[in-house]
Amino acid sequence: MSVTTPSKLQKMIASGNFAVTSEVGPPRSADGAVIEHKGNLIKDYVDAINVTDNQTSVCRVCSLACCIRLKLMGLEPCLQMVTRDRNCIALQSDILGAASFGIHNILCLTGDHQHFGDHPKCANVFDLDSIQLIQTVKMMRDEGKLLGGHEFAVRPQMFIGAAANPFAGPNVAMRVSRLAKKVAAGVQFIQTQCIYNLDKFKEFMKLMVDRGLHEKVAILAGITPMKNVGMAKYMQKRVPGMDVPDDIIRRIGGVPKEKQAEEGITLAVEQIQELKEVEGVRGFHIMAIEWEEKVQEIVERGGLYPRPQLA
Amino acid sequence: MRLQYPPSVRIIEVPCTGKVDIMHLLMAFEYGADGVIVMGCLEGDCHYGAGNLYAKKRGNRVKEILDKVGVGGERLAMYNLTSGMGGRFAEIIREITEKVMELGPSPIRVATGKAVRPIAEVTT
Amino acid sequence: MIKAVPKPLEEVLDLVKDFTKVLIVGCDGCVTVCEAGGSKEAKVLASALRLYFTQAGKQAQIDETSLTRQCEKEYLAQLSDKMDAYDAVVSLACGCGVQYMAEMYNNKIIYPGVDTCFLGVNEERGLYAERCQACGRCILAETGGVCPIARCSKRMLNGPCGGSDQGKCEISKDVPCGWELIYERLKTLGQLDRFEKPVDPKDWTTSRDGGPRTIVREDLRI
Ligand code: SF4
Ligand code: SF4
Ligand code: FES
């Protein structure tokens, strides 16, 4: 985590407090008020707000525009950026644009294949992958250089993040290896895939700690509350790389329908409590998918409120 | 045993249905056949292993072609029998002949008033 | 080799339905191996077209032939005395052959009879799979002999992504994850050390991004 940026998220992590981030999904229309509303809902409960970049390959208002809007509201956005839709000219251009508005957090992703989304027939780009995007942001920030070689004076001050999925194939050891590769590329913080299999996550963190990787990168544990048993089953069966153990399904499914949402929140809160004890966990990334109004409750009940005020 | 089946049927013997090529079937229709039946051994009982399975796939492909070119895939039928099922053999031929009678003459014969001259030479 | 599939018959019928003299030209190269466009397919297509025209009560002359390769002038030239007799030609070669024929017979209507798909292998008869995207600068030496460009759905050079699940790619349970294959092969070869070294962005100029490509081999040209 060597390079220091003006990022408030970076400061929070450096302070030793658990950091809290959350995400908002832009609308599928030109309605700018949606992001404003979602931002206002969660702003007092998180240190930075991710804006997803056409998540699951569904076309939405662009992440950059929403991040600028949040920034103008005085909030701390984190620009999610996938390499699926833009070549390195467009990616770097958006990074410069974000930085020009004082956006200081970026999450470098490859992105879901467009096959999942609302434009399955479109072409994809994948000029870079997530690791190469990390390298690129780092080079722009630390060397003031573009991939094409052009050098410039005003550099983007980006706190560089990426995702990690401890539950994807082929095994936990390789997932640690790949994260080591992201660290080698220059990543500073990680927001993980939603964690439901805590044993497997702990195994992952143990390997991270054994290699000392937890000191080189801040791990924010991914938390997604289940709205109902249908969602839990869908995540288990349909989302590639998602690991939802059967006892979670049984637990959510074991309460009456109208209580399931509450049970999902309680589960998320318990997960936070348990994960706080795991060595190397430096904070939480709460992805309340189209359920932003619940972030407040999760943060409060998770003992993460009030957010510390740093100078 | 003497089996009664309609005289309009012409039997072409092949060593195995695996020998029946797509082109044989298409050519039969080009010549003006109103219907074609491919009769092979029971599935799993082909003397050469899987000849009848190949024949089935080819038959399906030809049916699809016949449908698309306006001749009609229902004019081609495929059956699996053993040599001991002579009665069934005659019965199938009667059934299919009836069905083809119902369908009427092949559109190829209707259009030309006769069988067409074969153009392609069949090699497999 | 190049892999192709026959175009749906109705598509070809639609292309040629207004002509009366049509030549079908097969290619004895790659498309013969995947049984999409060889002399056999040419015969089948010609027969189907004859049936179609005949039942429609239309007098038409549909013939077929096949060439050793349609991506070479010498073989295409063999058609020169035939061409005048036809209104249209359906080429069953890959897209290269179709275009080369059209270049040589500039005033003739030449239609494609197959859909050209990819560079791949014959896994079994009737089962063909992509292996290479002709990127122009082969990196198989670094990736355990498995191509990340052709076999990762996101052509990642630093995979696998987080969607890799039980050896399968996130796009489908029928698609093996190319990066799991790379990882396993590197492991088998004792080269896992490669895996943790970030691979720099690829220079795509030698791929399609650099524009139409030409190879000039001065050592071979006269
Ligand atoms: S690296 Fe390039 S040339 Fe080599 S197999 Fe892959 S696409 Fe083909
Ligand atoms: S699952 Fe594997 S093959 Fe599919 S996109 Fe991810 S890394 Fe590539
Ligand atoms: S021997 Fe092959 S089908 Fe009878």
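Proteins get letters first, then strands, A, B, ... in listed order; numbering begins at 1 in each.
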Quick check for you: among [options], which has the greatest number of heavy-atom pairs under 4.5 Å with chain C?
options: A:G241, A:A163, A:A164, A:P240; value: A:P240
options: A:H115, A:K182, A:Q114; value: A:H115
options: A:R175, A:Q135, A:M242, A:Q193; value: A:R175
options: A:T136, A:T83, A:T110; value: A:T110
options: A:S177, A:S130, A:A185, A:A168; value: A:S177
options: A:D127, A:L147, A:L128, A:N165; value: A:D127

Heavy-atom distances under 4.5 Å only: say whether [X] touches chain A with side chain, backbone, both or neither.
X: C:E196; answer: both
X: C:K197; answer: backbone
X: C:Y183; answer: side chain

| request: Determine the sole option in C:N158, C:L157, C:D200 for which the side-chain contact (heavy atoms from CB on, under 4.5 Å) test with A:I131 is passed. | output: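 The side-chain contact (heavy atoms from CB on, under 4.5 Å) with A:I131 is passed solely by C:N158 among C:N158, C:L157, C:D200.
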If you count the non-hydrogen atoms of other residues, nucleotides and ligands that lie under 6.0 Å from [atom1] in [X], is the total more than 12?
X: C:I139; atom1: CD1; result: yes
X: C:R208; atom1: CZ; result: no
X: C:K168; atom1: NZ; result: yes
X: C:Q166; atom1: CD; result: no
X: A:Y234; atom1: OH; result: no
X: C:K108; atom1: NZ; result: yes

| task | Side chain from CB out, backbone as N, CA, C, O: work out which of these in A:N171 comes under 4.5 Å of a heavy atom of chain C, or both, or neither. | result |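 Contact with chain C is through the side chain of A:N171 alone.
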| query | Between A:H113 and C:E170, what is the shortest heavy-atom contact and its length? | reply |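 It is N-OE2, 2.8 Å.
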| request: Could you pull out the closest heavy-atom pair between A:F126 and C:W204, with the gap in Å? | output: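 Heavy atoms only, the tightest pair is O-CZ2, 4.3 Å.
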Would you say the side-chain atoms of [X] pair up with the backbone N or O of [Y], donor to acceptor, closer than 3.5 Å?
X: C:R155; Y: A:V125; result: yes
X: A:R84; Y: C:K154; result: no
X: A:Q132; Y: C:V199; result: yes

| said: Nearest 0.5 Å, please: how far is SG in C:C161 from CZ in A:R178? | reply: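 Interatomic distance, A:R178 CZ to C:C161 SG, rounded to 0.5 Å: 7.0 Å.
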| message | To the closest 0.5 Å, what do you measure between CG (C:D165) and CZ (A:F167)? | response |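 Here the rounded value is 12.0 Å.
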| said: If you define the side chain from C-beta out and look only at heavy atoms, does anything of A:M174 sit under 4.5 Å from C:P160? | reply: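 Yes. Closest side-chain heavy atoms under 4.5 Å.
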| message | For chain A, which candidate among C:E180, C:E184, C:K173, C:K187 shows the most heavy-atom pairs at distances under 4.5 Å? | response |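 Among C:E180, C:E184, C:K173, C:K187, the one with the most close pairs to chain A is C:E180.
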